[in-house]
Amino acid sequence: MWSRKRLDIGWKDLLAGVFHVCFPPVPASVCRRVEALWPAAEQTLACLSVRSGLDLLLGALVLPRGSEVLVSAITIPDVIRIVEHHGLVPAPVDLAPEATAPSIDQWRRAINPATKAILVAHLFGGRVDMEPILDLAQRHGLLVFEDCAQAFAGTTYQGHPRADASMFSFGVIKSSTALGGAVLRVRDESVLERMRQRQTTYPLQSRWRYLQRLIKYAGMKLLACRPICGAFAHACRAIGFDYDRWVNRAARGFPGDALLTQIRRQPSAPLLAVLERRLRNYNVRRWQRHTEKGRTLANLLKKSVSCPGADTVPHTYWVFPVVVDAPKCLMEHLVRAGFDATQGQSLCVVPPPGDRPSSRAVVAEQLLANIIFLPFYPELTATESKRIAEIVLAGTNHKQPA
Ligand SMILES: *Cc1c(COP(=O)(O)O)cnc(C)c1O
């Protein structure tokens with residue numbers, strides 16, 4: 001069985017992590033080394049997570065209460081909670097059809113006198129063109145934040161120099177993961193300085209906690225190996241255990257309610273050391289090959305199946321979603337053929353502000369309701385990728401009423 005997801009971290013990285021837990025580097029120096037890997041170190045801050053960084057950013061900006069932040073309609077629930085926690089109103093801007101981001105007209109139409117900022121998410125590995133959004137924001141005097149959590153691509157993109165903030169995540173399910181960690185690029189150095197000051201008041205993530213993560217995700221990496229993944233998935237189905245929910249929960253960074261206390265921590269020195277190692281060893285070729293595979297898959301599928309954002313350029317195809325009429329049915333076909341697909345329970349549609357129920361993001365709702373993430377990662381061979389395409393095409397033709 002090809003598992004739904006492979007953690008993008010090698011055994012050697014995990015071992016290096018254990019080494020750094022036992023012999024931790026000096027926190028301030030390893031932090032500076034990570035920040036120096038971005039174009040302007042004085043505009044860069046390493047954090048425990050993107051959520052930690054976003055919380056610091058909004059805390060440092062102190063926008064007037066009730067200000068609106070336009071958010072591309074699909075993101076993770078915690079991002080919305082953090083925006084709200086700072087007294088701001090997240091307002092969804094629906095996605096353009098077949099796309100993974102709003103069109104420039106959709107952004108423009110959503111602006112109103114309460115709008116203070118725009119939060120763009122680059123979803124699924126594709127990167128939306130920031131230029132028109134930055135121009136629009138400039139005309140209206142809005143801040144622009146870009147959520148690059150799903151779009152890390154090494155040094156080929158480290159945030160738009162005109163964006164007010166660009167956020168990169170190295171959380172568990174992200175590419176080049178360090179099992180946590182994030183890097184924020186913030187244009188206004190005084191804002192960044194306030195964020196840095198605030199972060200130094202946070203408790204430090206314990207390195208033993210980080211060791212626990214290394215062990216836990218080494219276990220999950222084992223479960224994702226082909227022979228083990230199949231046996232595990234079958235065993236779960238036999239006892240009626242909801243493996244999908246469990247994997248998604250296990251792959252999420254901060255479970256449960258205590259979000260703010262969990263994110264308001266400084267990253268531990270071993271975490272930063274692993275992050276530095278991951279950033280330095282980023283394998284451009286590996287992701288280029290994967291991108292080619294993604295384009296080929298998109299070309300095979302897109303005439304018959306909706307592949308949201310598959311034409312976005314540039315794209316790493318960090319994940320490969322398809323949108324079909326009968327997702328459950330296609331998932332069964334895929335499992336029978338040895339591909340464990342998932343419906344991706346970690347994303348959500350941003351709900352409309354309470355006083356404007358009519359501004360629901362209908363396209364995004366439709367998309368998430370019928371989305372399937374194919375197992376698609378650099379380890380999947382080109383041959384297997386073609387086989388997935390055949391099953392998806394056959395599976396979607398099967399969907400006539402029985
Ligand atoms: C993963 C993710 C985040 C959160 O990243 P963390 O570093 O885990 O906080 C934010 N936005 C999107 C779109 C994500 O996929």
Side-chain angles (χ1 to χ4, degrees), residues 5 7-9 34 45-58 69 71-83 85 90 92-93 95 100-102 118-128 145-153 159 163 165-185 195 199 202 205 210 213 217 248-256 258-268 271-272 274-275 278-279 308-309 312 316-321 342 344-350 361 364 367-368 371 373:
K5 184 89 207 139
L7 298 185
D8 186 32
I9 187 167
V34 168
L45 182 67
C47 304
L48 181 65
S49 68
V50 157
R51 284 161 292 174
S52 315
L54 177 65
D55 177 49
L56 285 168
L57 175 72
L58 297 178
V69 181
V71 189
S72 31
I74 292 184
T75 185
I76 61 162
D78 284 352
V79 162
I80 307 167
R81 286 165 65 193
I82 292 166
V83 171
H85 173 80
V93 183
L95 311 181
T100 50
I118 288 181
L119 173 54
V120 185
H122 300 288
L123 292 177
F124 309 141
R127 201 167 81 224
V128 299
F145 312 136
E146 50 172 351
D147 181 343
C148 309
Q150 303 193 354
F152 179 68
S166 310
M167 310 181 280
F168 294 87
S169 171
F170 303 93
V172 172
I173 60 169
K174 303 294 152 67
S175 55
S176 295
T177 179
L179 305 186
V183 174
L184 265 77
R185 174 175 181 171
M195 293 166 65
Q199 184 169 245
Y202 288 172
Q205 176 195 37
Y210 187 60
R213 287 174 80 80
Y217 292 110
N248 277 296
R249 189 144 10 104
R252 244 192 354 231
F254 305 108
L259 173 68
L260 289 173
T261 46
Q262 306 237 36
I263 62 175
R264 289 180 175 171
R265 283 173 207 280
Q266 300 182 56
S268 68
L271 165 63
L272 292 172
V274 173
L275 179 53
R278 302 303 334 265
L279 294 169
T312 310
T316 64
Y317 299 94
W318 168 66
V319 288
F320 199 109
T342 168
Q345 297 167 352
S346 58
L347 290 171
C348 73
V349 177
V350 181
L367 185 134
L368 271 201
I371 204 164
F373 293 92

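Both ligands and their constituent atoms are indexed starting at 1 by order of listing. Keep in mind the model is a prediction, meaning the values are calculated, not measured.
- The distance from ligand 1 to the heavy atoms of S169 drops below 4.0 Å at these ligand atoms: 5 (O), 6 (P), 7 (O), 8 (O).
- With a heavy-atom cut-off of 4.0 Å, S49 touches ligand 1 through backbone and side chain alike.
- For the pair V183 and L45, the minimum side-chain heavy-atom distance is 4.5 Å or more.
- Considering backbone and side-chain atoms alike, F170 places every N or O at 3.5 Å or more from each N or O of ligand 1.
- Considering only heavy atoms from C-beta on, I263 stays 4.5 Å or farther from D78 through its side chain.
- When heavy-atom distances to ligand 1 are checked against a 4.0 Å cut-off, Q150 comes that close only through its side chain, counted from C-beta outward.
- In this comparison of L54, I76, T75, the heavy atom closest to atom 4 (C) of ligand 1 sits on I76.
- Distance alone, capped at 3.5 Å, is enough to place a donor-acceptor pair between the R185 side chain and the G159 backbone.
- Partners of F124 according to the ring-ring contact (aromatic ring centres under 6.0 Å, His included) rule, which considers only residues two or more places apart in sequence or in another chain, are F373.
- Residue-level proximity to ligand 1 for K174 is carried by the side chain, the only part with a heavy atom below 4.0 angstrom.
- Using a 3.5 Å distance cut-off with no hydrogens or angles, the side chains of H122 and Q150 do not pair a donor with an acceptor.
- The contact set between ligand 1 and V50, taken as ligand atoms under 4.0 Å from a residue heavy atom, comprises 5 (O), 6 (P), 7 (O), 9 (O).
- Among residues two or more places apart in sequence or in another chain, the side-chain hydrogen bond (donor to acceptor under 3.5 Å, both in side chains) test is passed with R278 by D13.
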